[in-house]
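Reckoned from all heavy atoms, side chains included, excluding hydrogens, waters and symmetry mates.
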Amino acid sequence: MNAPQSINPRRFTLPNGLRVVHNYDSSTAMVAVDVLYDTGARDEDPAMTGIAHLFEHLMFGGSENIPDFDGVLQDAGGNSNAWTSNDFTNFYDTLPGQNVETAFYLESDRMLALSFSDKALEIQRGVVIEEFKERVLNQPYGDIYHALRKAVYGEHPYSWPTIGIDPSHIAKVGPDDIRKWFYAHYAPNNAILSISGNVTFERVHELAHKWFGPIPRRETAHRPEAPFDPSKVIPYTEIRSAVPRPMIIIAYPMAAYGQEGYAEADTVTDILASGKASRIYRNLIAAQAGDGLFAQADASISGSEDTGMLMLTAILTRNGDEDISEATALLKNEMERLAMPEDEGGCSPRELERVFNRFETNFRLQTMSYLNVAVEMATDEYHGEDINARVALRRRLTSSDITRTTRRLLDGPSATIIYRPDEI
């Protein structure tokens, strides 16, 4: 296998507003075609949640000229998938480079117009409702993020997950709702087309104009501002259900993507929970091996375009009140220590270098994939960022930045969710 080439994004914009970004990679025979739409669960009516995710499914249900999206793509040697977040909906196809035009044909046709088939809607409603039951209702801890988002966000559009609040919302989605969602959000001027792999820039330029150029730009729905209100954060919630062990989540509202404090908060979670040299693993897992209190523990961020969450999570081995109080205190203590000066347990330059090295290694490994490059270039195009600057920007952070950001998080509101087994 040839070594992957450097990432060299080239871009242009069609007259209808579609932004196109491309990277040529001759080390693979394949191409990834990624289409990111600037719409997600945050654009939903609180009385009809889950429609963004449902629409992701419907995009595979046939378009104006193509009744079988996956069948045509598979005949060309390709595969497809998609995901929905609170902020975006993303679709991607992979296929041999010589057949790349098939992906342009497929993606442009469903951007132009879906078939709006009643049968497809009925089928996908059923699929999404079953997914809700499987992931939320019939799985231990399945509804914990419903509780967490409500506790942190109140009435903000982030207060429900992409799966929706309740399956009854999906059940009532009708053909008119689907048409309205499509024409309000799915338009070339509300999308980014990203291509990486064995296809030249000149070929991409030709195909983009040929297949996407004729699609008219549309008047898309305005996304109203929804300021986060820290005073609405609910500090403590306890849930009892048929779960095997107690689970704790502590969430600290954090900076939006690209704002001061975002990269710092992401680095905080790397220090706390990235790898076996991390603080949580060493102090809460390895140090208590055997009869320890923590079965699992982690730290992560939600990575949102608006106010996000830094989350500390743990599953415990014991369910007593004192055990849960102790575990909660130990998790918070790991954050408290990072807010201290280095000589009192705070972040050291050596520790920061370790997480930077791990961040760079993960980035290099990730971008060896032509598919990952296409996906990352799409979001970088949205943010106006340079994929090649990502590691250098992260390495500019200092121990003082980590200390200051951690203290700011601790001084703000937080939401603690305790999920406990039903008492027998």
Engineer: Pairing donors with acceptors under 3.5 angstrom, does anything connect the side chains of Ser85 and Asp87?
Structural biologist: no
Engineer: Using only heavy-atom distances, determine whether the side chains of Trp181 and Glu44 contain a donor-acceptor pair under 3.5 Å.
Structural biologist: no
Engineer: A quick test of your reading: do over 12 heavy atoms of other residues, nucleotides or ligands sit less than 6.0 Å from CD of Glu202?
Structural biologist: yes
Engineer: Under a 3.5 Å threshold, yes or no: a donor from one side chain and an acceptor from the other, between Gln74 and Asn79?
Structural biologist: no
Engineer: Considering only heavy atoms from C-beta outward, does the side chain of Phe91 approach that of Glu56 to under 4.5 Å?
Structural biologist: yes
Engineer: Does Asn283 reach the side chain of Glu334, with side-chain heavy atoms less than 4.5 Å apart?
Structural biologist: yes
Engineer: Would you say the side chains of Asp25 and Ser27 form a donor-acceptor pair under 3.5 Å?
Structural biologist: yes
Engineer: Walk me through it: do Val243 and Met247 pass the test side chain to side chain contact (heavy atoms under 4.5 Å, CB included)?
Structural biologist: CA-CA 9 Å; Val243 295; Met247 183 176 186; over 6 Å; no
Engineer: Are Arg394 and Phe359 in a cation-pi contact, defined as NZ or CZ under 6.0 Å from the six-membered ring centre and within 45° of the axis?
Structural biologist: yes
Engineer: Does either side chain, that of Ser274 or that of Arg358, offer a donor lying less than 3.5 Å from an acceptor on the other one?
Structural biologist: yes
Engineer: Consider only side-chain N and O atoms of Asp401 and Thr398, and report whether a donor and an acceptor are under 3.5 Å apart.
Structural biologist: yes
Engineer: Side chains of Ser80 and Asp70: do they bring a donor and an acceptor to under 3.5 Å?
Structural biologist: yes
Engineer: Within a radius of less than 6.0 Å around CD of Glu344, do more than 12 heavy atoms belonging to other residues, nucleotides or ligands occur?
Structural biologist: yes
Engineer: Treating His169 as the side-chain partner and Thr49 as the backbone partner, does any N or O pair qualify as donor plus acceptor under 3.5 Å?
Structural biologist: yes
Engineer: So does Glu360 pair up with Arg364, basic N to acidic O under 4.0 Å?
Structural biologist: yes
Engineer: Checking Ser6 against Asn8: is there a side-chain donor and acceptor pair closer than 3.5 Å?
Structural biologist: no
Engineer: Under a 4.5 Å cut-off applied to non-hydrogen side-chain atoms, are Leu409 and Asp411 in contact?
Structural biologist: no
Engineer: So, for Phe201 and Tyr24, is the gap between ring centers shorter than 6.0 Å?
Structural biologist: no
Engineer: Given side chains that start at C-beta, do those of Thr416 and Pro235 come closer than 4.5 Å, heavy atoms only?
Structural biologist: no
Engineer: Return each pair, listed once, that meets ring-ring contact (aromatic ring centres under 6.0 Å, His included) where at least one residue sits in residues 368-420; pairs must be two or more places apart or across chains.
Structural biologist: Phe88-Tyr382, Tyr141-Tyr419, Tyr257-His383
Engineer: Before accepting this row, confirm whether a basic side-chain N of the pair Arg203/Glu206 lies closer than 4.0 Å to the acidic partner's carboxylate O.
Structural biologist: yes
Engineer: Please round to the nearest 0.5 Å and tell me the distance separating atom CG of Asp143 and atom CD1 of Ile163.
Structural biologist: 12.5 Å
Engineer: Tell me, do Thr267 and Val355 make a side-chain contact under 4.5 Å, heavy atoms counted?
Structural biologist: yes
Engineer: Output the distance between atom OG1 (Thr379) and atom CD (Glu385), rounded to the nearest 0.5 Å.
Structural biologist: 7.5 Å
Engineer: His205: what forms a ring pair (Phe, Tyr, Trp, His ring centres under 6.0 Å) with it, not counting sequence neighbours?
Structural biologist: Phe12, His209
Engineer: Would you list the pairs meeting salt bridge (Lys or Arg N to Asp or Glu O under 4.0 Å) in which at least one residue belongs to residues 369-379, sequence neighbours left out?
Structural biologist: Glu376-Arg390
Engineer: Looking at Tyr183, is its backbone amide N or carbonyl O close enough to the side chain of Arg218 to form a donor-acceptor pair, meaning the two atoms are under 3.5 Å apart?
Structural biologist: no
Engineer: Run the side chain to side chain contact (heavy atoms under 4.5 Å, CB included) check on Leu106 and Leu73 step by step: do they pass?
Structural biologist: CA-CA 8 Å; Leu106 290 167; Leu73 186 61; 3.7 Å; yes
Engineer: Within a strict 4.5 Å, meaning less than it, do heavy atoms of the Pro9 and His22 side chains meet?
Structural biologist: no
Engineer: Using modelled atom types only, decide if a donor and an acceptor are shared between the side chain of Asn388 and the backbone of Ile7 within a distance under 3.5 Å.
Structural biologist: yes
